[in-house]
Structures are given as C-alpha cells and as structure tokens.
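Heads up: the structure comes next, in structure tokens.
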Amino acid sequence: MSNAYLWVKALHIIFVASWFAGLFYLPRLFVNLAMVPSDSHAERERLLLMARKLYRFTNLLMIPALVLGLLLWLYFGMGKGPGQIWLHIKLTLVLGVIGYHHVCRKILREFEGLQNRRSHRWFRVFNEVAVVLFAAIVILVVLKPTVG
C-alpha cells in the first residue's frame, strides 16, 4: 500500500466521522426546536442559529468525505474486482446518507418558516436513521462480505 493511499484513506475516515457527527447532532437540535414553546422566540432563534451553523459546517465536511471516497474507489481501486458487492451496497447507503443530509436541510427550512408539524418524538426516531446508516456502512467496510 502506498503512502498516498493511506493518507487518503485516513482523511476519508476523518471527514466521514466528522460529517456523521454533524448528522447525529443536527436532528437533536430539531428535537429541541420541536419542544420550544411558541412564545419563546429567543430560545427558538438561538436553536435555529445553531442548526444553521451546524448544517453549513456539515456541508463542508460532506464534500471532502465524498471526494476522498471517490479517490479511494476510482483512483486507488478500492472495492474493484470480483466479489466486491459490499462496495455497491455501501455506495447505495452513501446515497441514502446524502438524501438524509438533504432532508435535514428541508426540515431546517420548515423550522425557519414556522412550518414544522412534526413532534419531538418523530425527530427522536429520525435522529436514529443516521446511526443505523453509519453502523451499516462501517460493518460493510470492515467485514467486506462477498457473494459466492
């Protein structure tokens, strides 16, 4: 393994873990926003400011995570060859994570426009989706299950 490959892999892991940290916490802010009383404008604005900043920061973490992952796949050949179904499943899950990320943006916009109709309990369940996706991706990468 080349030194460049190991650096790209390490940076990919760092950015993915950081991206997910944001995806773990942003829905937690949504739980808190959903619980804010309608007359508590200062608390609502403070939480919205935190959510906006976190979403922007999470966006910045997502980009290098995806670019470095593409480098591992397309340039270094990770997951290429026969019996590498794990990578195809992982890429499908990554598309799910990107979708989840964009759903977080939509939800944030709903809170900004005072249009949220979901309960804090719904957001508690929604918060677990990122955990399940992260766990499934890590298991696939570590175990690399094959077919046949």
Give the cluster check for [X] versus [Y]: same hydrophobic cluster or not, with ILVMFWY residues linked at side-chain heavy-atom distances below 4.5 Å.
X     : Y      : result
Phe30 : Val103 : yes
Leu49 : Ile107 : no
Ile13 : Leu6   : no
Val94 : Val131 : yes
Leu66 : Leu74  : yes

Side-chain contact, heavy-atom cut-off 4.5 Å: [X] with [Y]?
X      : Y      : value
Leu87  : Leu91  : yes
Val97  : His101 : no
His102 : Lys106 : no
Val141 : Trp86  : yes

Taking Arg52 for its side chain and Leu108 for its backbone only, find out whether a donor-acceptor pair lies under 3.5 Å. no

For Ala34, does its backbone N or O pair with a side-chain atom of His120 as donor and acceptor, under 3.5 Å? no

Please report the closest heavy-atom contact between [X] and [Y], naming both atoms and the distance.
X      : Y      : value
Leu54  : Gly22  : CD2-O, 3.8 Å
Ala136 : Leu93  : CB-CD1, 3.7 Å
Tyr100 : Pro27  : OH-CG, 3.2 Å
Ala51  : Leu26  : O-CD1, 3.6 Å
Leu68  : Val8   : O-CG1, 3.8 Å
Leu48  : Glu112 : CD2-CG, 3.9 Å

Walk me through whether Thr58 and Met62 qualify under side chain to side chain contact (heavy atoms under 4.5 Å, CB included). CA-CA 6 Å; Thr58 304; Met62 175 182 65; 5.7 Å; no

Say you draw a straight line from [atom1] of [X] to [atom2] of [Y]; how long is it, rounded to the nearest 0.5 Å?
X      : Y     : atom1 : atom2 : value
Leu133 : Leu23 : CG    : CG    : 9.0 Å
Tyr55  : Leu60 : OH    : CG    : 10.5 Å
Glu45  : Ser40 : CD    : OG    : 10.5 Å
Asn116 : Leu33 : CG    : CG    : 8.5 Å
Asn32  : Glu43 : CG    : CD    : 7.5 Å
Leu29  : Lys53 : CG    : NZ    : 12.5 Å

Tyr25/Phe57 aromatic ring centres below 6.0 Å: no

List the residues meeting ring pair (Phe, Tyr, Trp, His ring centres under 6.0 Å) with [X], not counting sequence neighbours, and say none if there are none.
X      : result
Tyr75  : none
Trp122 : Phe126
Phe76  : Tyr5

Restricting to side chain to side chain donor-acceptor pair (under 3.5 Å), what partner residues turn up for Ser119, sequence neighbours left out? none

Of all residues at least two apart in sequence or in a different chain, which pass the side-chain contact (heavy atoms from CB on, under 4.5 Å) check with Ile63? Val67

Other residues, nucleotides and ligands only: do more than 12 of their heavy atoms fall within 6.0 Å of CH2 on Trp73? no

Name the orientation class of the two ring planes belonging to Phe134 and Phe20 (parallel below 30°, tilted from 30 to 60°, perpendicular beyond 60°). tilted

For residues 117-143, which residue pairs qualify under salt bridge (Lys or Arg N to Asp or Glu O under 4.0 Å), counting only residues two or more places apart or in two chains? Glu110-Arg118

